[in-house]
Amino acid sequence: MLSSIHIENVAVIKRLDVDFEKGFSALTGETGAGKSILIDSLGLLLGAKAERELVRTGEDSATVSAVFCDINEECTKKLAELGVNPDEEGCIFLQRTLTSEGRSKSKINGATYPLTQLREVGALLVNIHGQHDSGDIFDEKTYVYMLDSYAGLSGLREKYREEYRKMTAAKAEMERLFCDEREKERRIELLTYQINDIESASLKPGEEEELDSEKRVLKNFRQVSKQVSTVYRALYKNDKGMSASRLIDIAHDTLENMSEFLPESAEYAERLYEISFELEHIAENVLSALPSEHSDPERRLDEIETRLDVIHKLKRKYGSTVEQVLEYLEKSKKELDDIVASDDRIKELEKLTAQYKESAKQLADELHEKRKNAASELSEKIGKEIHFLDMEKVKFSVEVDPVFQNGEPLFTADGTDKISFMVSTNPGEPPKVLAKIASGGEAARILLAVKCVLTSADSIETLIFDEIDTGVSGKTSQKIGMKLRELGKELQILSITHSAQVASSAQNHFKIIKNEVDGRSQTSLTLLDRQGRIDELSRIMGGVNISEKIKASASEMLETAEKF
């Protein structure tokens, strides 16, 4: 529910902070006090179009922020689907700032979000219903969820959706495989060529690096050969002098002969013996660094250049490394196998699609029957609420109609039905979809009737009514107030009203006041105590001259509402 709201520099509102409770709260005030600005501020917060004229004259920006707490489980789940989660205290913080240049910034829980996401989140938390905005009952996409929630069919709808998802996935794969035969032949020809092109090269991982290393050696063959020879002669074999290995052998033999006189010499001889083997190992490895074809390095260099050219051409076509070229080869082989085997797979998918479609149809038929039964019951209940609100001539019905395409049921994610809320406002007139009825006042009262019946079927816990009582009699206003108070037992209801009957029914009563501060108009909002309520109700009923009888009537109104 809406826990608190902060409004700053919006039109005649300099700064306003208000805390709200659960239940029914009425907001009243004289014409021009700023009631519409309050609604505009809420609309701005919930993602409405930003009009820079809303920024208070002389200010650089306007800000509206609100905290929503005690969010129910269903709403929390829907918020999570949008990537938004309540904070540690279970609250959601929304904020929108509008500059005098017309730019706006949206935040959710302190993080910046696109306006579209703020709008989606706001729609899950609050519905504003006024003369020109009657919220979700004007959105035909929501009717199926209202009806299914009322009838307890959400679980059955999810079972249907699972079969629907499998059916559509199998159908999509089948359509992908069932491509134009000429295109299929062209693809087979291309893949076959690419596979042969790569396989004929017999690529090996790491081969390019090895060839580059050998190429560097061959390009410097003479210098490397001379250096290798120098190392080899110095360490191991030298026809023109003593090598390190020969000198160590002499020292080794001498130390062994000295063992009788110097006991440590045996250990030294053993260590020199190990060193001689290490020197031999190094000399042999250095010598082996020369290519085996060192007798003709130019020919070997040509072979390497030719091989590297083949590798580079394949890399230009299929990947930036040999490994990527080999990965492309494996993918191409798999795609070719899939295309070749696609006829068999298409037949398999045709069977699967038929099976899933039959299963989905059975569940859709079950949904249809249960929806029809629930629609009849729901129509009757909402109709009674509408008649209670003095709209005896209005006929309301929930219609469940199967949808066909080319003689076949049209499957959607919610079944094969179209759910419509139909209204006939005058005798003899054919029913029309609710979204097309003319009177905003009637729409708001019909909404109230719908909400009274579907309270438990709706995850939105805060409803705001803007002058729902416009154009109705005192008796009807009293009934509207009774229904708003009744609805307030389950939800948070805020109603901006000009009706004393509606205002008296509220558990909380706020007065919107416009004062002049430092030569400028400034709006404030005050929570009234009992005497304040009597005075405000008297003002609404009596106008300029407020008699004691009017005050007594106002007090009686409050007592009557409290008893109710």
Among Asn508, Leu494, Val502, side chain to side chain contact (heavy atoms under 4.5 Å, CB included) partner for Phe24: Val502
Heavy-atom pair of closest approach, residues Thr97 and Thr63: OG1-OG1, 3.5 Å
Side-chain donor or acceptor of Arg157 paired with backbone N/O of Asp414 under 3.5 Å: no
Parallel, tilted or perpendicular: ring planes of Phe396 versus Phe421, cut at 30 and 60 degrees: perpendicular
Non-neighbouring partners of Glu559 that pass side chain to side chain donor-acceptor pair (under 3.5 Å), sequence neighbours left out: none
4.5 Å side-chain heavy-atom contact, Leu487 and Leu448: yes
Min side-chain heavy-atom separation Ile419-Arg371 under 4.5 Å: yes
Leu484 and Phe465, any side-chain heavy atoms less than 4.5 Å apart: yes
Side-chain donor/acceptor of Thr168 to backbone N/O of Arg165, under 3.5 Å: yes
Residue pair Lys107 / Arg96, side-chain heavy-atom distance below 4.5 Å: no
Any side-chain donor near an acceptor of the partner, His509 and Thr28, under 3.5 Å: yes
Donor-acceptor under 3.5 Å (His368 side chain, Asp401 main chain): no
Heavy-atom donor-acceptor pair, Ser538 side chain to Ile534 backbone, under 3.5 Å: yes
Side-chain heavy atoms of Leu94 within contact of Leu125, under 4.5 Å: yes
Sidechain-backbone polar pair: Ser499 side chain, Gln501 backbone, donor-acceptor under 3.5 Å: yes
Expected output: side-chain Arg52 to main-chain Gly102 donor-acceptor under 3.5 Å: no
Phe93 and Phe68 aromatic centres sub-6.0 Å: no
Salt-bridge present (Glu377, Lys381; N to O < 4.0 Å): yes
Student check: side-chain heavy atoms of Val10 and Asp40 closer than 4.5 Å: no
Side chains of Leu124 and Leu79 in contact at under 4.5 Å (non-hydrogen atoms): yes
Set of side chain to side chain donor-acceptor pair (under 3.5 Å) partners for Gln117, sequence neighbours left out: none
Min side-chain heavy-atom separation Tyr160-Glu366 under 4.5 Å: no
